[in-house]
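None of these values were measured; they are calculated from a predicted model.
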Amino acid sequence: MEVTDENLATLANYLQQTLNPDPNIRRPAEKFLEGVEVNQNYAILLLHLIDKDTVDLTIRIAGAVAFKNYIKRNWPVEEDSADNIHANDRAAIKTLIVSLMLKSPEPVQRQFSDAVSIIGKYDFPTKWPGLINEMVEKFATGDFHVINGVLRTAHSLFKKYRFEYQSQSLWEEIKHVLDNFAKPLTDLFVATVDLTTKHANNQQALQVIYGSLTLICKVFYSLNCQDLPEFFEDNMPIWMPNLLNLLQVKVPCLENDSDEDKPGIMEQLRTEVCECAALYALKYEEEFEPHAPSFVTAVWTVLLATGPQTKYDALVSNALAFLAKVAEKKRYQNLFEDPGTLSSICEKVVIPNMEFRESDMELFEDNPEEYVRRDMEGSDVDTRRRAACDLVRTLAQHYEEKMMNIFGQYVQVMLAKYQEVGATAWRGKDAALFLVTSLVARGGTQAAGVTKASPLVDLASFAVGHVLPELQRAPVTELPVLKADAIKYIMTFRSLLPKDVIITALPLLIEHISGRGVVCTYGACTVEKLIAGGMVPKPVLEPHAPKLLTALFTTFGDNADPADHNEYVMKAILRTLSCLKESALPYLGDALPKLARMLSVVAKNPCKPHFNHYLFETLSLAVSLVVKSNPNAVSAFEDALFPIFQEILQNDVQEFMPYVFQMLSLLLELRGGAAGGATGDGDAYGALLPCLVAPPLWERPANIRPLVRLLCAFVAVRTDLVLRSGKLNAMLGVFQKLIASKTNDHEGFYLVQTMLYKFGSTVMQQYEKQIVTLLFQRLSSSKTTKYVRGLIAFLGFYAAHFGADTLIDLVDSIQTNMFAMYTERVLIADLQRVSGALERKAAAIGCVKLLCDSAHFRQGALASLWARLLQALISLFELPADESSLPDDHFVEVDETPGYQAQYAQLACARGLADDPLAGIEDPKRYLAESLGNMARQWPDVLPPRIAALDEPHRHALQLYLNAYSVQIC
């Protein structure tokens, strides 16, 4: 694709079409661009278009977004995949992008900055060593549009240091960055702070300067996250006083912002300074100690000066987080231990920031999903309430008695006022409930809620006195915030509340599922957690099941609006049916049509991944329960679900395809396994089979495991159909592709083992040499731990099923003495690495077959390896699996696949039964002992010298097996 005016015009036209709201215009344009992006020079053409000032800005921005997504999809080269970017294009992109980014308009600059950070993730510093110096050079320009572009890119590039695990390569990268960037950043920081004085009366200049200081603080935070760099430790006298000053400085011309929701530049800067101070207080307390008191004072002053407006939320959260981090450390405790200080913190900081504001009420009523995400799930958006709660919790752990006395008084006052005045004082009770939860909790888990609480508060009597009355008060729509608080109290302390409180609360919780928004969600979530945690067992749940399921399904309305699709409600339905099992059958007649309608709705626009997952789980569970009770019902499910599945597959709904393949596997297995065979001939499956072996489906990582499962289901229960369709060769082609992949080789073993097991040697004999040749070619080209484990287990299975000498002759037919090399270099050397119960069992039984049934091992060329193989087998029985890695263990993990990919998620309710092909042998140790006994009877002279050649520990272990199973061998 040459850079010509004609090509640029064509590209601009297609980019324009990608912005069209009409999908009939937009989608073909997107497909065209995806189709041409593999051509050499595509990225260079795109960059030239974005660089042209004469092109409309919206098209340039669309181009920048397309370029970023192109980089995201193609820059990382997946394991076993071709490189879609030509080497010359890679070099040209890295040469052009920084300078192009820095001269572009800000919306374009932001997209390029993200692209640089993606490239940097894979190429920096080893393949892009000049990047930092190229960026640092731009600091000298004095142009803050350029400087801010560099800082934005640096932040994008370095923020991974905030969460990456420590490793040698990470330390080397950070050292490279610090050596080249720390001093220029510090010099820029000092110079920029000086500019705030020089331009004190220029509002426009100050806006840009303080924006730069905000970005500098973000980069400073990232560079200090892993450890305290020596350079920054030496320069703390520069950084800390200036950061403190930025926290305290008043800039009137920038603080008169009338916007109550959007934080101004000074709020953003102080937020970042608080975060940097909190990092130092938590991780580098000794070095930070001289600065701590002045920062605590400054942060306290900031907290007292900020109002309840939403624009201060992030600042207040970070300021409270800083105080919590300081309060955690013993060396700072003198700053907080005075009762007057604690009282002041409670009155002036904690309670004001726990109060339910108008903006909270707007969120509660208008966007319940976001409210729940912030309040219950701990989203990335820190709320004032959570930050105040964390501070209270930290203080309560260190000054428990003082905190209970001081805060307890405030709680009593607020509760008393609510009881006296009633509904008008609901905000006080809301704050009191929140404060009690913060004060009492001492530790817990996601699964069980709070499991450790302060002994100074009686949770049960508080629940009876102040929580249950809120739930007993009708109607469920009155004072919804207090209803939500009461439900959340039961959810939080469910592991510690007595059984009678839970049983009293259960029908009340079910009533509140018919409430709206947050109340409904909290009700459903709490019921689900009570069932999951065993607080509501099946006998307790059964009497309430009709009302509970009716309430849950009613929340979905007519299923037409995805906004009604509440993931917590769907999870509660799944948990309820899972607990009830067969007792749920009477309710499934009404439930199943509703679930199917829901699936057809969400298939058109899959926008809620958790809801969708629970929906597929619920359908899978319902199918399993009903067919178990009535095998002929499988046909009704196929009639109801196949049209929806067909629509999903035809429309290429990527998110749902892995689920559909799993459910098809389940239906196929249930149809094949039904007693007496289900009615119907299952022709739809026959039409599906050719599509399943078509290469495009296998290009998506998320499809691979469910597709293998589905092919194995065909092999297991529709053997005749596979053979009749002539698709056996295509399946072996799939096996060849899988076994060559380090990521998916285990799926290849699963597929070929199922084929051998189900088809038998009559069908498979003509392919066996080719299969084994492929396996050993892969072994020689890339010997990873996972592959070696799979190979040992697979060949063990083969020896167990088709005979040890058959296996040896097959391997040696590829190359003379190949099996001897395999035994010595792989089987004996790496047997200990095999993990997984079925895999270890297959490996062990295969070894027993070789030791006791093989003529080659008994008297042939392999006899010299007999004792060593037996020792390796005894070690497999006696020692834990060897988890060390092999040299070739450097493959891409599934979650590192670049760009957008629908992720594979296992449906627990559609999981197939673990089919053990060696189920006839329960105990491999016993099998070894008895097989040696048989061998001793047939060839009495062979074993004594070989047993004598064993090392003493192995001989002793073997004797214990023989004694345990009453076997005499010599």
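- Within the 3.5 Å criterion, the main-chain N or O of Ser578 finds a donor-acceptor partner in the side chain of Lys581.
- For Lys571 (side chain) and Cys525 (main-chain N/O), no donor-acceptor pair under 3.5 Å exists by modelled atom type.
- Close placement of the Phe611 and Phe556 rings is indicated, their centers lying within 6.0 Å of each other.
- Residues Cys909 and Ser624 approach most closely at O-OG, 3.7 Å, considering heavy atoms.
- Evaluated for a side-chain hydrogen bond (donor to acceptor under 3.5 Å, both in side chains) with Lys608, the options His565, His613, Glu369 yield exactly one hit, Glu369.
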Can you check side-chain contact (heavy atoms from CB on, under 4.5 Å) on Val717 and Leu668, steps first, answer last?
CA-CA 7 Å; Val717 302; Leu668 186 54; 3.6 Å; yes

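- Summarising the geometry of Arg671 relative to Ser635, their closest heavy-atom pair is NH2-OG, 3.3 Å, with the distance given to 0.1 Å.
- Between Thr18 and Phe32 the shortest side-chain heavy-atom distance does not fall below 4.5 Å.
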Might you work through the side-chain contact (heavy atoms from CB on, under 4.5 Å) test for Arg789 and Ser835, ending with a clear yes or no?
CA-CA 7 Å; Arg789 288 171 179 165; Ser835 58; 3.8 Å; yes

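- No side-chain heavy atom of Lys737 sits under 4.5 Å from any side-chain heavy atom of Asn744.
- Environment of CZ in Arg724: crowded, with over 12 heavy atoms of neighbouring residues, nucleotides or ligands closer than 6.0 Å.
- Heavy-atom contacts from other residues, nucleotides or ligands closer than 6.0 Å to NZ of Lys538 number more than 12.
- Counting heavy atoms from C-beta on, the side chains of Leu649 and Leu688 come closer than 4.5 Å.
- Between the side chain of Asn651 and the backbone N or O of Val653 there is no donor-acceptor pair closer than 3.5 Å.
- Between atom OH of residue Tyr767 and atom CG of residue Leu732 there is a gap of 6.5 Å, rounded to the nearest 0.5 Å.
- Among Leu549, Leu595, Val626, the single residue meeting the side chain to side chain contact (heavy atoms under 4.5 Å, CB included) criterion with Leu588 is Val626.
- Residues Phe749 and Leu738 form no side-chain contact, since every pair of their non-hydrogen atoms from C-beta on lies 4.5 Å or further apart.
- Atom CG in Asn69 sits 9.5 Å away from atom CD in Glu37 (nearest 0.5 Å).
- By the 4.0 Å N-to-carboxylate-O rule, Arg373 lies close enough to Glu370 to be salt-bridged with it.
- Rounding to the nearest 0.5 angstrom, the gap separating the CG atom in Leu779 from the OG1 atom in Thr784 is 9.5 Å.
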Could you go through Thr550 and Asp590, starting from their C-alpha distance and side-chain angles, then the distance that decides it, and tell me whether this counts as side-chain contact (heavy atoms from CB on, under 4.5 Å)?
CA-CA 10 Å; Thr550 301; Asp590 288 337; over 6 Å; no

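- Across all their heavy atoms, Gln662 and Pro706 have their closest contact at CG-CB, 3.8 Å.
- Between Ile531 and Cys579, the shortest heavy-atom distance links the atoms CG2-CB, 3.6 Å.
- Using a distance-only test at 3.5 Å, with no hydrogens or angles considered, a donor-acceptor pair links the side chain of Glu617 to the main chain of Ala908.
- The distance from atom CD1 of Ile845 to atom NZ of Lys849, rounded to the nearest 0.5 Å, is 9.0 Å.
- Side-chain atoms of Arg778 come within 3.5 Å of backbone atoms of Ser782 as a donor-acceptor pair (strictly under, hydrogens ignored).
- In this structure, the side chain of Asp83 does not engage the main chain of Val77 through any donor-acceptor pair within 3.5 Å.
- Of all the heavy atoms in Cys520 and Ile513, the pair that sits closest is SG-O, 3.3 Å.
- A donor-acceptor pair under 3.5 Å links the side-chain atoms of Lys841 to the main chain of Leu918, judged by distance alone.
- Summarising the geometry of Pro924 relative to Ala844, their closest heavy-atom pair is CB-CB, 4.0 Å, with the distance given to 0.1 Å.
- Environment of CZ in Arg516: sparse, with no more than 12 heavy atoms of neighbouring residues, nucleotides or ligands closer than 6.0 Å.
- Other residues, nucleotides and ligands place more than 12 heavy atoms under 6.0 Å from the CD atom of Glu30.
- Contact annotation: the side chain of Tyr659 never approaches that of Leu615 to less than 4.5 Å [non-hydrogen atoms, C-beta and beyond].
- Aromatic ring centres of Phe794 and Tyr787 lie farther apart than the 6.0 Å criterion allows.
- Between atom OG of residue Ser514 and atom NZ of residue Lys547 there is a gap of 8.5 Å, rounded to the nearest 0.5 Å.
- When side chains are defined from C-beta on, Tyr798 counts as touching Leu810, because their heavy atoms get closer than 4.5 Å.
- Here the side chain of Trp75 pairs no donor or acceptor atom with the backbone of Tyr70 at under 3.5 angstrom.
- No side-chain heavy atom of Phe661 sits under 4.5 Å from any side-chain heavy atom of Arg709.
- Lys604 has a carboxylate O that lies under 4.0 Å from a charged side-chain N of Glu647, or vice versa, which qualifies the two as a salt bridge.
- Taking the side chain as every heavy atom from C-beta outward, Leu33 and Leu15 approach each other to under 4.5 Å.
- Within the model, atoms OH of Tyr685 and CG of Leu692 stand 11.5 Å from one another, a figure rounded to the nearest 0.5 Å.
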Given the rule in the side-chain contact (heavy atoms from CB on, under 4.5 Å) test, do Phe642 and Leu667 qualify, once you have shown the distances and angles that lead to the verdict?
CA-CA 10 Å; Phe642 269 29; Leu667 288 164; 4.0 Å; yes

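- Side-chain atoms of Asn612 and Glu655 form no donor-acceptor pair, as typed in the model, at a separation below 3.5 Å.
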